Amino acid sequence: PILQQTRPLTDLKFLTLGSSVSWGAGLPNRYKAYPYLLSSNPSDSTNLAVRAAGPKYPSVCLQSMLLGDKKEEKEQEYDVIVLEYYFKSKDGLYDLTSRLRI
């Protein structure tokens, strides 16, 4: 079935969960990593990648990662969720994807 588009493509909200590549390791400025280039508006991209970590870390503390240092609990809505992990890093991946669906 075709889903109804609720907002224009230029206003999509992106969430990236991943490892060093998504974090921006090796770049002179980590804020030039691909997650920040997904949207023309940097505030539409949330990069929660963690260096040298697999999906187990966010699978355990996804809610606190999404809240960050915000004092108010506010539900986040994302149109696109990018997962970038090495193929061998499967521990926690199923739990992470299950929690992202809730």
Side-chain angles (χ1 to χ4, degrees):
I2 297 175
L3 299 175
Q4 182 178 356
Q5 185 175 333
T6 57
R7 66 175 111 199
L9 292 175
T10 54
D11 293 337
L12 292 178
K13 305 287 185 195
F14 294 89
L15 170 65
T16 304
L17 296 160
S19 59
S20 300
V21 171
S22 296
W23 186 87
L27 295 176
N29 178 354
R30 80 176 207 89
Y31 295 100
K32 298 291 183 186
Y34 80 87
Y36 299 104
L37 304 176
L38 294 172
S39 173
S40 58
N41 182 357
S43 66
D44 289 339
S45 294
T46 302
N47 185 0
L48 297 180
V50 178
R51 293 179 75 171
K56 184 71 169 180
Y57 181 86
S59 76
V60 174
C61 59
L62 181 62
Q63 185 175 5
S64 60
M65 288 177 73
L66 289 171
L67 288 174
D69 58 359
K70 298 174 188 162
K71 298 197 188 308
E72 301 174 14
E73 247 187 78
K74 182 180 166 190
E75 196 169 306
Q76 300 285 335
E77 282 189 21
Y78 296 101
D79 301 298
V80 179
I81 300 174
V82 179
L83 299 176
E84 174 272 317
Y85 294 104
Y86 295 107
F87 181 70
K88 293 182 180 181
S89 301
K90 293 187 280 186
D91 188 30
L93 187 58
Y94 179 78
D95 293 331
L96 175 59
T97 56
S98 296
R99 289 186 176 112
L100 286 170
R101 293 184 58 130
I102 295 175

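On a predicted model such as this, the values are computed, not experimentally measured, just so you know. No hydrogens, no waters, no symmetry mates; every other heavy atom, side chains included, goes into these values.
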Practice problem: Please report the C-alpha distance between Leu38 and Val80 in whole Å, then the side-chain angles of each, then the deciding distance to 0.1 Å, and finally whether the side chain to side chain contact (heavy atoms under 4.5 Å, CB included) criterion is met. | Solution: CA-CA 10 Å; Leu38 294 172; Val80 179; over 6 Å; no

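Applying the salt bridge (Lys or Arg N to Asp or Glu O under 4.0 Å) test to Asp44 and every residue at least two apart in sequence or in another chain returns Lys13. Contacts of Tyr36 classified as ring-ring contact (aromatic ring centres under 6.0 Å, His included), with partners at least two apart in sequence or in another chain: Tyr31.
Residues Ala52 and Ser20 come closest through the heavy atom pair N-OG, 3.1 Å. Across Asp91 and Pro55, no two heavy atoms sit closer than the pair O-CG, 3.5 Å. Nearest heavy-atom pair, Gly24 versus Ala33, reported as atom, atom and distance to 0.1 Å: CA-CB, 3.6 Å. Pairing each heavy atom of Tyr85 with each of Pro58, the nearest pair is OH-CG, 3.3 Å.
From Ser59, atom OG reaches atom CE of Met65 across 10.0 Å, with rounding to the nearest 0.5 Å. For the atom pair OG (Ser22) and CZ (Arg51), the distance works out to 12.5 Å, reported to the nearest 0.5 Å. The distance from the OG atom of Ser98 to the CG atom of Leu62 is 11.5 Å, given to the nearest 0.5 Å. The distance from the OG1 atom of Thr46 to the CG atom of Leu66 is 8.0 Å, given to the nearest 0.5 Å. Residue Asp79 holds its CG atom at 11.0 Å from CG of Leu15, rounded to the nearest 0.5 Å.
No more than 12 heavy atoms of other residues, nucleotides or ligands shown are found within 6.0 angstrom of OH on Tyr57.
Using a distance-only test at 3.5 Å, with no hydrogens or angles considered, no donor-acceptor pair links the side chain of Asp95 to the main chain of Val60.
Inter-residue side-chain proximity for Tyr86 and Ser19 is flagged as met; some heavy-atom pair is nearer than 4.5 Å.
No continuous path of hydrophobic side-chain contacts links Leu27 to Tyr34 [ILVMFWY only; heavy atoms under 4.5 Å]. One hydrophobic cluster, built from ILVMFWY side chains closer than 4.5 Å, holds both Leu48 and Ile81. Under the 4.5 Å side-chain heavy-atom criterion for Ile, Leu, Val, Met, Phe, Trp and Tyr, Leu93 and Trp23 are members of distinct hydrophobic clusters.
Between the side chains of Ser39 and Asn41, no donor-acceptor pair is found at a separation under 3.5 Å.
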